[in-house]
Structures are given as C-alpha cells and as structure tokens.
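FYI, side chains are in, hydrogens and waters are out, and symmetry mates aren't considered; it's all heavy atoms of this structure. In what follows, residues are counted from 1 in the order of the sequence shown.
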Amino acid sequence: MVAFSSRASTWILAALLGLVAVRLAVLLARWRRGALPGTRLLLPAVVLAEGLGLLLSGGTSWVLRLRLGTALALELLLAALAMRAWRQAVALPGVWPETRIAAAFEAFVPPRAARLMALELVMLAGALRFLLGGFRDPAPVGFSHYRESALRSLLPALPLLLPGDVLLLHALSPHLAPGLRWVLHASTAYAVLWLFGLYASIKARPHQVQDGEVRLHQGLVKSVAFPAASVRSVAPLPDFDDDWARHAHLQGVARLVATGAPQLELALAAPVRVDGMLGPGRPTQRLLVSVDDPAAFRTALGC
C-alpha cells in the first residue's frame, strides 16, 4: 500500500510538472512574439526546476546539488528583478499603494493576480497599522461612511473570535491532526485581520467631490471616478414590500456600501466601470453608495 501511494504521488507530481512545462512553453512563445516581458517566465521556471529536482533526485547527490543551484540562481534573479520593478513602481506619482505594488507584481504574474496580491498585502498592512494605534488617526476630508456601518460595532467583538475558535474546534474535533488544526486557526486569524483592514480602509478613503469630479470608494475593495456633471439624480432607496422587490430593483446596480450606513442611489448620464478586486467591472449607470451624511453629500452633488 505504501509503495502504491508513493508511485501515485510520483505520477501526480509528474502530471503537474507536465502542465507547468506546457504553460512555460506557451509563455515562452508569447515572450518571443513580444507579447509579455521575459520576467513572466521566472516563476514557472522556478516551480519547474524545484519540481524536477524533487522528482529526479532520488538521493543522488549531484542531481540534488544541480537542483539547488538552479533554483537558487532563478530565485536570486527573481528577487533582483522584483526589487528593480518595485523601485520603478514607487516612482509612479499620484497613485494608491496597491497600484504601485500591482505594477511591480505585473512583471511576474498576470495583471489580475498582481492586483489581488497587492490588495491583500495593503489590506493586511492597514489592519496591523490600525491595531497598533492607527484607529486614533483622524479621518481624511470627505464624505465618510464608516461611522454608521455595522462593521464598526463589530470591531470590539472580533478579537473574541480567536479564543472562541480554539475552544470550539477543540470541543468539536479533539482528534484533528495538529497541522490541519493550525491551518484552521490561521485562517480565522487572517479573516479577523482582513475585517480590521477593511474597516481601516473604509475610514481612510471617504467619498470625495472635488474639482468637478466624484470619487467613490468602498475601502480597498471598490472605487470609481466620474465627472460630477454626469450625475442625473441622487435619492434614497424606495421602500420595498419584500426582499424580492429590492433584489429586482437593484439588478445591474454597482454597490459601494458599508452595511448599516444610510444608502443613496445615483443615476448617471453615462456608464462607468467600477474597479473591483480583480479589475474593472461591467458598465453601469446606477450606483448604490453609503454615506454617513446623505444631505451634505446630495448638496455637494448639486441635488
């Protein structure tokens, strides 16, 4: 049984490495056509080199040394190019931190993956800064939508999820493997940090109406900008008889809301695309936004 399991693992690893090799060949062909930078080849090359070394070493010392040398050379080159891309991205003027980080990551991974990785890093960094005293920082000038949010009232209770998770998991699954147990605990801690980071980003990025432009944010998760002159109407949501009616009314509406805060529906003269975690969304002429002071927001928009 052990020998069969070992052979199955070997075949599975060989199949996965075959897929990586095919992907690397496709990227190589695109690079030769000038369709993508050569740095995009490095990560799959490192994975392939590590995998082949693991598959072929079999305890042979020279194969092991070759594997380690190849992987080390590729990883050093990857680190040097990453530092170079980061320095170039930092020099970009007037952009958010996640945009700079994503610009650096795009040298090595596809744009959507680069944006998602950058957003996660900035979200966690914002959570740590908030917990280390950033909650005392005053909110920037603009139209906030964190004061009335449900997330704000949940923040004091979020740390209690960690000991509760430990006790509940131990009570329900006392014989769970230690490795899996730590993975589950880590995922709970990550979720708590993510929620703190989301609240911190909502507080740090209020809606703004300046110089004839409207900039709306849902923290790091969503954002959109458009001319103030394109706003046709701003109104509270109507009363609905049931959830089905509300769902039908909000079909095709892009939402930039913090749950619990007052909400307004904006109708626009021209369609816009809301930037989400994976890039721009579908065109829409209706936006649902939350704001702590709806009257002041409507006045700023001239409605």
Side-chain angles (χ1 to χ4, degrees), residues 96 98 116 119-120 122-165 167-168 187-209 214-224 234-266 274-278 281 284 286-298 300-301:
W96 294 108
E98 65 271 18
L116 186 59
L119 286 172
E120 290 295 319
V122 175
M123 188 77 80
L124 293 180
L128 293 175
R129 183 182 182 282
F130 179 80
L131 291 171
L132 293 175
F135 57 88
R136 300 188 186 94
D137 294 343
V141 177
F143 298 94
S144 66
H145 61 138
Y146 72 93
R147 299 182 189 278
E148 302 294 331
S149 67
L151 185 56
R152 187 186 189 189
S153 61
L154 288 175
L155 287 183
L158 287 179
L160 300 178
L161 293 177
L162 299 178
D165 171 75
L167 295 175
L168 184 62
S187 65
T188 302
Y190 178 84
V192 170
L193 274 178
W194 203 91
L195 289 174
F196 273 104
L198 177 62
Y199 175 80
S201 68
I202 290 175
K203 180 180 178 182
R205 302 187 185 189
H207 306 315
Q208 293 182 329
V209 183
V214 181
R215 292 185 292 275
L216 306 176
H217 302 278
Q218 187 186 0
L220 286 170
V221 179
K222 295 179 183 178
S223 64
V224 65
V234 183
L237 285 176
D239 294 328
F240 300 102
D241 295 332
D242 51 46
D243 290 340
W244 289 107
R246 178 185 176 90
H247 177 74
H249 179 81
L250 294 178
Q251 281 288 106
V253 178
R255 309 184 189 193
L256 298 95
V257 299
T259 304
Q263 298 179 1
L264 295 173
E265 183 180 351
L266 278 68
V274 176
D275 288 328
M277 295 191 72
L278 295 178
T284 181
R286 297 167 63 204
L287 302 171
L288 185 65
V289 301
S290 57
V291 61
D292 292 329
D293 190 344
F297 185 67
R298 296 180 67 185
L301 292 174

Across all chains, not counting sequence neighbours, the side chain to side chain donor-acceptor pair (under 3.5 Å) partners of T188 are D165

Between L264 and L237, is there a side-chain heavy-atom distance shorter than 4.5 Å?
no

Original post:
Quick one: does L198's side chain get under 4.5 Å of L220's, heavy atoms only?
Top reply: no

Residues 235-252 vs salt bridge (charged side-chain N to carboxylate O under 4.0 Å, His left out), sequence neighbours excluded, gives none

To the nearest 0.5 Å, atom NZ of K222 lies from atom CG of L216 at 12.0 Å

Heavy-atom closest pair (V253 atom, L287 atom, distance to 0.1 Å) is CG1-C, 3.9 Å

_When you compare the side chain of L193 with that of L195, does any pair of heavy atoms fall below 4.5 Å?_
no

Tell me which donor-acceptor pairs under 3.5 Å the side chains of residues 123-144 have, and how far apart each pair is, sequence neighbours excluded?
from: R129; atom 1: NH1; to: D137; atom 2: OD2; distance (Å): 2.7
from: R129; atom 1: NH2; to: D137; atom 2: OD2; distance (Å): 2.8
from: S144; atom 1: OG; to: D292; atom 2: OD2; distance (Å): 2.7

Rounded to the nearest 0.5 Å, the CH2 atom of W194 sits from the CG atom of L158 at a distance of 12.5 Å

request  = Would you indicate whether the side-chain heavy atoms of F297 and L301 approach each other to under 4.5 Å?
outcome  = yes

Under 3.5 Å, is there a donor-acceptor pair between the side chain of T284 and the main chain of G252? yes

- prompt: Sub-3.5 Å donor-acceptor pair from the side chain of K203 to the main-chain atoms of Y146, do we have one?
  reply: no

For residues 140-154, the salt bridge (charged side-chain N to carboxylate O under 4.0 Å, His left out) pairs (sequence neighbours left out) are none

Contacts of R215 meeting salt bridge (charged side-chain N to carboxylate O under 4.0 Å, His left out) (sequence neighbours excluded), chain-then-number -> E213

Residue pairs meeting ring pair (Phe, Tyr, Trp, His ring centres under 6.0 Å), one or both in residues 242-261, sequence neighbours left out, come to F240-H249

Hey, does L288 have a side-chain heavy atom less than 4.5 Å from the side chain of L256? no

Sorted by chain and residue number, the side chain to side chain contact (heavy atoms under 4.5 Å, CB included) partners of A258 (sequence neighbours excluded) come out as H145, S149, I202, S290

Do F196 and P159 have side chains that get closer than 4.5 Å, going by heavy atoms? yes

With sequence neighbours left out, the residues meeting salt bridge (charged side-chain N to carboxylate O under 4.0 Å, His left out) with E98 are R205

*asked:* In the structure I gave you, are the side-chain heavy atoms of V289 and V234 within less than 4.5 Å of one another anywhere?
replied: no

Here the gap from D275 atom CG to H217 atom NE2, rounded to the nearest 0.5 Å, amounts to 10.5 Å

Separation between CG (L116) and CG (L278), nearest 0.5 Å, reads 5.5 Å

